Amino acid sequence: MFRLFHAKFMGPKLLPHAPKPQTFQLFPKCCSLLFETTIQFHAVSSYPCEPFLSTLILALKSSSSVSYCRVVHARVVKSLDFRDGFIGDQLVTCYVSMGSTPDAQKLFDEMPHKDFVSWNSLVSGFSKRGDLGNCMSVFSTMKSEMALGLNELTLISVISACASGKARDEGCYLHCCAVKLGMELEVKLVNALINMYGKFGCVESAFKLFWALAEKNIVAWNSMVAVWTQNGIPDEAFNYFNMMRVSGLLPDEATMVSLLQVCEKLPVGRLVEAIHGVIFTCGLDENVAIATTLLNLYSKLGRLNSSHKVFAEIRKPDKVALTAMLAGYAMHGRGREAIEFFERTVRDGMEPDHVTFTHLLCACSHSGLVEEGKCYFQIMADVYGVQPRLDHYSCMVDLLGRRGLLNDAHKLIKNMPIEPNSGVWGALLGACRVYHNIDLGKEAAENLIALDPSDPRNYIMLSNIYSSAGLWSDASKVRALMKTKVLTKIPGYSFIEHGNKIHCFVVDDCSHPDSDKIHMKLDEVMRKIQEVGFVSETKSILHDVDEEVKIDMINKHSEKIALAYGLLVSSADMPIIITKNLRICCDCHNTAKFVSLLEKRTIIIRDSKRFHHFSDGLCSCSDYW
DNA sequence: CTAGGGTTAG
């Protein structure tokens with residue numbers, strides 16, 4: 001009976017139709033049924049059926065159930081020995097990927113004939129879970145126990161673990177190992193090293209390794225494009241992309257994803273459109289990963305409509321794509337739409353995870369949907385089994401803080417089961433600034449400074465809090481402290497794209513060729529809006545100077561200059577899109593509202609936090625930001 | 001019929 005089943009299931013002719021692991025994932029019931037059937041077959045027959053078991057184990061991997069793993073394990077122990085080693089390796093991989101380290105270690109220790117694959121199953125398992133400690137310790141045991149020396153693939157696994165774990169010393173040590181073993185020209189290994197050095201910020205080392213490679217394949221080129229991207233050097237990323245094309249290689253998924261990510265740092269819409277074109281010519285327009293990156297990028301560049309279009313063309317959006325769309329709504333302050341989208345996709349079978357909830361909560365907070373946010377925070381754990389992480393707490397503190405529920409936010413932080421990070425305290429501080437709560441603001445700022453004493457923004461914010469309360473001497477003490485630590489304020493920049501160029505302005509900027517015209521336009525606009533009731537909001541100015549001087553200072557903010565330039569050069573039917581590296585201030589926010597009404601223009605300002613769409617005197621953020 | 005992670009997406 002079993003023979004028949006076995007032959008039918010695994011027979012060579014029918015093999016292409018044999019269920020793949022993914023199938024089991026989709027049909028958990030099928031999966032468990034299959035387990036039961038197998039166990040029964042085994043009960044009546046001791047026929048060794050390794051291939052069948054290995055298929056089963058593949059299914060196990062996607063079931064993420066340790067108990068199923070143990071059931072199969074028990075059967076294996078009963079009916080087979082480990083002479084082959086094959087099943088044992090598979091089971092080790094299973095246990096490790098499920099996070100059941102003791103099971104994996106125990107089985108591994110019991111296996112009599114460990115080969116490279118056995119060792120590597122363990123090493124790569126730990127590496128994949130980001131468990132650098134176990135990964136390294138297994139690696140060193142392996143190194144001392146295996147007389148044969150080390151295998152290239154094992155090294156690659158450990159190198160990857162160091163890359164994601166930011167373990168510099170270990171990483172350099174592994175590079176030495178590789179050199180010692182004469183593997184410094186093996187493409188796969190070198191690519192892993194390039195990636196690692198890129199993650200460490202050692203662009204130079206990555207560069208040297210790449211150019212020493214005799215055979216530069218597509219992955220090597222992609223790795224270098226990624227290195228430039230991750231280290232914020234867009235020019236070189238494009239440069240390497242072009243060199244890659246000259247060398248005759250066709251860009252693939254990874255190339256395009258990295259290249260698109262470079263554009264995130266650049267406020268250049270036109271460039272994205274050009275890359276979008278390349279994606280089409282390379283026949284990559286149906287690729288989900290690329291489409292997701294593109295969707296995300298358009299959102300970040302202020303073009304939610306374009307995001308929408310890209311999303312609509314994804315034939316079968318996966319969880320990542322759906323979350324990217326949700327993030328788009330959140331980023332643009334479309335709370336209601338985000339909730340509707342979330343509910344709809346969950347109804348259609350999406351299983352939300354911690355990232356999904358981060359964006360959903362973020363959407364609630366940016367739209368002031370306090371009750372909804374609280375509710376989702378609750379059911380996230382209760383219904384979906386997603387335990388709140390730091391990001392979720394930041395969102396919740398932000399949500400409560402925006403509404404002025406500062407004590408609730410403070411209580412939430414105090415009751416956190418995990419140590420709050422800068423995101424959490426930063427959210428509280430932001431709220432304290434808006435609602436002028438000095439005591440809590442001080443506490444938040446002090447915690448922030450303790451967490452990162454080298455970040456100038458924390459001092460600036462503390463100083464801001466004191467200034468807005470009129471406590472000038474405290475404010476100047478903080479600024480003096482900054483000076484002794486040689487910390488300087490990050491200057492604010494505003495960018496605007498026009499005529500194939502990016503125009504960048506700082507505060508009180510007069511360096512633009514058309515500077516005179518821009519400042520005349522700015523004066524004109526400010527006068528116009530003051531005539532219809534605009535009043536300057538100078539609370540955020542931290543210096544102890546006369547009101548008039550303050551107004552003069554605030555009127556020279558970089559976003560106002562960029563806005564004046566936008567009004568000067570762009571056609572009336574186009575939105576004015578401005579990018580700012582810091583948060584927009586209250587006064588500039590008000591200015592944009594008035595200008596959108598008086599000049600009948602759509603103004604989109606992307607600051608370091610989010611987007612503001614101004615039209616008809618209103619902002620999409622409903623003054624929550 | 002089967003085996004071990006080079007790059008990239010929320």
Side-chain angles (χ1 to χ4, degrees), chain A residues 6-7 9-16 18 49-58 84-90 92-93 96-97 115-128 151-161 163-164 186-196 198-199 206 210 213 217-227 229-230 251-261 284 287-297 299-300 307 311 314 317-328 330-331 350 352-360:
Chain A
H6 180 227
F9 189 56
M10 298 300 290
K13 268 192 187 167
L14 291 169
L15 193 69
C49 51
E50 266 185 53
F52 187 75
L53 267 180
S54 72
T55 310
L56 204 57
I57 290 170
L58 273 175
D84 191 333
F86 177 59
I87 299 289
D89 296 342
Q90 298 261 42
V92 167
T93 313
V96 181
S97 68
D115 62 358
F116 279 129
V117 181
S118 322
W119 282 97
N120 207 32
S121 305
L122 204 59
V123 172
S124 75
F126 286 135
S127 167
K128 222 175 170 184
N151 167 294
E152 183 196 341
L153 283 156
T154 322
L155 263 177
I156 292 174
S157 286
V158 196
I159 291 170
S160 303
S164 41
E186 303 267 355
V187 194
K188 286 186 183 177
L189 188 121
V190 174
N191 286 340
L193 283 171
I194 290 175
N195 172 245
M196 182 187 82
K199 293 252 156 66
F210 175 79
L213 270 178
N217 63 6
I218 179 88
V219 183
W221 284 105
N222 288 347
S223 300
M224 275 316 282
V225 174
V227 167
T229 303
Q230 286 159 5
D252 68 359
E253 180 184 299
T255 326
M256 298 323 294
V257 167
S258 296
L259 211 58
L260 284 169
Q261 282 178 328
L284 291 167
N287 183 300
V288 189
I290 294 177
T292 306
T293 315
L294 194 57
L295 184 170
N296 182 240
L297 184 59
S299 297
K300 286 182 174 162
S307 292
F311 179 74
I314 302 176
D318 59 9
K319 197 200 290 181
V320 182
L322 291 166
T323 310
M325 195 62 241
L326 184 67
M331 228 182 283
M350 183 199 49
D353 63 10
H354 67 104
V355 187
T356 322
F357 278 107
T358 302
H359 292 296
L360 184 65

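Sequence lines set the chain letters: A, B, ... in the order given, protein chains first and strands last, and positions in each chain run from 1. From a predicted model like this one, the values you see are computed outputs, not experimental measurements.
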Undergrad: Does any N or O in the side chain of A:S124 come within less than 3.5 Å of the main-chain N or O of A:N120, such that one atom is a donor and the other an acceptor?
TA: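 Yes, the answer is positive, given that a donor and an acceptor are paired below the 3.5 Å cut-off.
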Undergrad: By the 4.0 Å heavy-atom rule, please label A:S157 as base, sugar-phosphate, or nothing.
TA: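 Base, at least one base heavy atom under 4.0 Å.
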Undergrad: Examine the side chains of A:N296 and A:T293 and answer whether a donor and an acceptor come within less than 3.5 Å of each other.
TA: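 Per modelled atom types, A:N296 and A:T293 side chains form no pair under 3.5 Å.
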Undergrad: Which pair of non-hydrogen atoms, one from A:P251 and one from A:L284, has the smallest distance, and what is that distance?
TA: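 Scanning both residues, the minimum pair turns out to be O-CD1, 3.7 Å.
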Undergrad: Taking any heavy-atom pair under 4.0 Å as a contact, classify A:K300: base, sugar-phosphate, or nothing.
TA: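 Nothing, no heavy atom under 4.0 Å.
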Undergrad: So what does A:T358 touch, heavy atoms closer than 4.0 Å: a base, only the sugar-phosphate, or nothing?
TA: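 Counting heavy atoms under 4.0 Å across all strands, no contact is made by A:T358.
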Undergrad: Check the distance between B:dG10's C1' and A:L322's CG and give it to me in whole angstrom.
TA: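 Taking atom C1' of B:dG10 as the reference, CG of A:L322 is at 10 Å.
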Undergrad: How many whole angstroms separate atom NZ of A:K188 from atom C1' of B:dG6?
TA: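 The answer, rounded to whole Å, is 7 Å.
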Undergrad: Is there a donor and acceptor pair, one atom on the side chain of A:D318 and one on the base of B:dG10, closer than 3.5 Å?
TA: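 Checked by distance alone, the answer is no.
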Undergrad: Write down the distance between CD1 (A:I290) and P (B:dG10), rounded to a whole number of angstrom.
TA: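 Whole-Å distance recorded here is 13 Å.
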Undergrad: Within this structure, what is the CG-to-P distance between A:N287 and B:dT8, rounded to whole angstrom?
TA: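 Taking atom P of B:dT8 as the reference, CG of A:N287 is at 15 Å.
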Undergrad: Give one of base, sugar-phosphate or nothing for A:E152, where a contact means two heavy atoms less than 4.0 Å apart.
TA: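 No contact.
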Undergrad: With heavy atoms under 4.0 Å as the rule, sort A:V227 into base, sugar-phosphate or nothing.
TA: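 Answer is nothing: A:V227 stays at 4.0 Å or more from every strand.
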Undergrad: Quick one: does A:L322's side chain get under 4.5 Å of A:F311's, heavy atoms only?
TA: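 Of all side-chain heavy-atom pairs linking A:F311 with A:L322, at least one is under 4.5 Å.
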Undergrad: The side chain of A:D353 lies closest to which of these nucleotides: B:dG10, B:dG4, B:dT8?
TA: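 Among B:dG10, B:dG4, B:dT8, the one nearest the side chain of A:D353 is B:dG10.
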Undergrad: Which one, B:dT7, B:dG4, B:dT8, comes nearest to the side chain of A:F116?
TA: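 The answer is B:dG4.
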Undergrad: Please give, in whole Å, the distance from B:dG4 C1' to A:W119 CH2?
TA: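 Result: 14 Å.
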Undergrad: Considering every strand and a 4.0 Å limit on heavy-atom distances, what is the contact class for A:E186: base, sugar-phosphate, or nothing?
TA: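 Nothing: the residue A:E186, judged by heavy atoms under 4.0 Å, touches no strand.
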Undergrad: Which listed nucleotide (B:dG10, B:dT8, B:dT7) is nearest to the side chain of A:T323?
TA: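 Of the options given, the side chain of A:T323 lies nearest B:dG10.
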Undergrad: To the nearest angstrom, how far is A:F311 atom CZ from B:dG10 atom C1'?
TA: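 Value for this atom pair: 12 Å.
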Undergrad: Would you mind classifying the nucleic acid contact of A:T293 as base, sugar-phosphate or nothing, using non-hydrogen atoms under 4.0 angstrom?
TA: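 Sugar-phosphate contact only - A:T293 comes under 4.0 Å of backbone atoms but never of a base.
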Undergrad: For A:M224 and B:dG6, what is the distance between atoms CE and P respectively, to the nearest whole Å?
TA: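 Interatomic distance, CE of A:M224 to P of B:dG6: 19 Å.
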Undergrad: Give a yes/no on whether any side-chain N or O of A:K199 is located under 4.0 angstrom from OP1 or OP2 of B:dG6.
TA: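 So the side-chain polar atoms of A:K199 never come under 4.0 Å of the phosphate oxygens OP1 or OP2 of B:dG6.
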Undergrad: So A:V123, base contact, sugar-phosphate only, or nothing? Heavy-atom distance under 4.0 Å.
TA: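 Here A:V123 touches no strand at all.
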Undergrad: Pick from A:T358, A:V355, A:T292: which one makes a side chain to side chain contact (heavy atoms under 4.5 Å, CB included) with A:T323?
TA: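 With A:T323 as partner, side chain to side chain contact (heavy atoms under 4.5 Å, CB included) holds for just one option, A:V355.
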Undergrad: Indicate, with a heavy-atom threshold strictly under 4.0 Å, whether A:S127 touches base, sugar-phosphate, or nothing.
TA: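 Counting heavy atoms under 4.0 Å across all strands, the contact made by A:S127 includes a base.
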Undergrad: Would you kindly give the CG-to-C1' distance between A:L259 and B:dT7, to the nearest whole Å?
TA: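 Those two atoms, CG and C1', are 14 Å apart.
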Undergrad: Choosing from B:dA3, B:dG6, B:dT8, which nucleotide comes nearest the side chain of A:V117?
TA: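 The nucleotide sitting nearest to the side chain is B:dA3.
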Undergrad: Output the single nucleotide from B:dG6, B:dG10, B:dG4 whose closest atom is nearest the side chain of A:V355.
TA: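 Given the options B:dG6, B:dG10, B:dG4, the side chain of A:V355 is closest to B:dG10.
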Undergrad: Checking A:S258 against A:T229 for the side-chain hydrogen bond (donor to acceptor under 3.5 Å, both in side chains) test, could you report, in this order, the C-alpha distance in whole Å, the side-chain angles of both residues, the deciding distance, and whether it holds?
TA: CA-CA 7 Å; A:S258 296; A:T229 303; 5.1 Å; no
Undergrad: So, is A:Q230 near the phosphate of B:dT7, with a side-chain N or O under 4.0 Å from OP1 or OP2?
TA: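 No, A:Q230 has no side-chain N/O under 4.0 Å of OP1/OP2 on B:dT7.
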Undergrad: If you look at every heavy atom in A:G198 and A:Q230, which pair is closest and at what distance?
TA: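 Taking every non-hydrogen atom into account, C-OE1, 4.4 Å.
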Undergrad: Quick one: is A:Q261 getting a side-chain N or O under 4.0 Å of the B:dT8 phosphate, OP1 or OP2?
TA: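 A:Q261 to B:dT8 OP1/OP2: no side-chain N or O under 4.0 Å.
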Undergrad: Look at the side chain of A:V288 and decide which nucleotide, out of B:dA9, B:dG10, B:dG4, has an atom nearest to it.
TA: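 It is B:dA9.
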Undergrad: Taking only N and O in the side chain of A:N195, is any of them less than 4.0 Å away from OP1 or OP2 of B:dT8?
TA: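 Result: yes.
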